[in-house]
Amino acid sequence: METDTLNTLVSGAIWRAEQLEARGIRALQAWAEVSSLEEALAKALPLTESEGRIARRGTVRAALKAEDYVRAYSLAESYCAEEAAPEPLKTALREILKADSQTIASRFPNAMKHHSLTEARELARRFREAGPFGLAA
């Protein structure tokens, strides 16, 4: 798929996700779609182009908005490991992950007293998938 088409699809997916959120609807699946489309764009665009770096940051941000933390961290790690990855991109990706971690820690201070961020995210994932009684299992 050519990059112009991917850019159009990404823009549309972002618009849909933002519209859902503006109406108070959780848009996890919509942000997951954004992340997938951004990833395709990142694969199509080299790091030497600013759009390629923007797509890589967008992929990670959208994965975090989709609450797919494993994917977000995996993507950030792979983008930082790319041979031509410039230091500003690596720094930006680390800061995106750090900001998300700080947001979660501030939203759930009591959980952070008893659990690591990784454990808290896993509990949140289980709660989302199985409901409140799923945590007891």
## Note on the structure
CG (L9) and OG (S36) are apart, to the nearest 0.5 Å, by 12.0 Å
### Query
How about E82 and R56: do any of their side-chain heavy atoms sit closer than 4.5 Å?
yes
### Task
Please round to the nearest 0.5 Å and tell me the distance separating atom OH of Y79 and atom CG of L89.
9.5 Å
#### Entry: Interatomic distance, D100 atom CG to L64 atom CG [nearest 0.5 angstrom]
4.5 Å
### Task
Grab the two heavy atoms, one from L20 and one from A27, that are nearest each other, plus how far apart they are.
CB-CB, 3.9 Å
### Query
Quick one: are R53 and P88 in side-chain contact, heavy atoms under 4.5 Å?
no
### Query
Do R57 and E95 come within less than 4.5 Å of each other through their side chains, counting heavy atoms only?
no
### Heavy-atom pair of closest approach, residues V60 and A76
CG2-N, 3.9 Å
### Task
Look up atom CZ in R26 and atom CG in L28, then write down how far apart they are to the nearest 0.5 Å.
4.5 Å
### Query
What residues form a side chain to side chain donor-acceptor pair (under 3.5 Å) with R71, not counting sequence neighbours?
S35, E39
#### Entry: CD (Q29) with more than 12 external heavy atoms under 6.0 Å
no
Atom pairs and distances, donor-acceptor, side-chain atoms in residues 43-51, under 3.5 Å, two or more places apart:
none

#### Entry: Any K65 side-chain heavy atom under 4.5 Å of R61 side chain
no
### Task
Return yes if some donor-acceptor pair links the side-chain N/O of S74 with the main-chain N/O of V70 below 3.5 Å, else return no.
no
### Task
Could you tell me which non-hydrogen atom of S101 sits nearest to which non-hydrogen atom of Y73, and how far apart they are?
OG-OH, 3.1 Å
### Task
Considering non-hydrogen atoms only, spot the tightest contact between A66 and A32 and give its length.
CB-N, 3.5 Å
### Message
Would you compute the distance between atom CD of Q19 and atom CH2 of W15 and round it to the nearest 0.5 angstrom?
### Response
4.5 Å
#### Entry: Cluster check L41, I54: I/L/V/M/F/W/Y, side chain < 4.5 angstrom
no
### Rounded distance (nearest 0.5 Å) linking atom CD1 of I96 with atom CG of L75
11.5 Å
### Query
Pairs in or reaching into residues 14-24: which pass salt bridge (Lys or Arg N to Asp or Glu O under 4.0 Å), with residues at least two apart or in two chains?
R16-E33
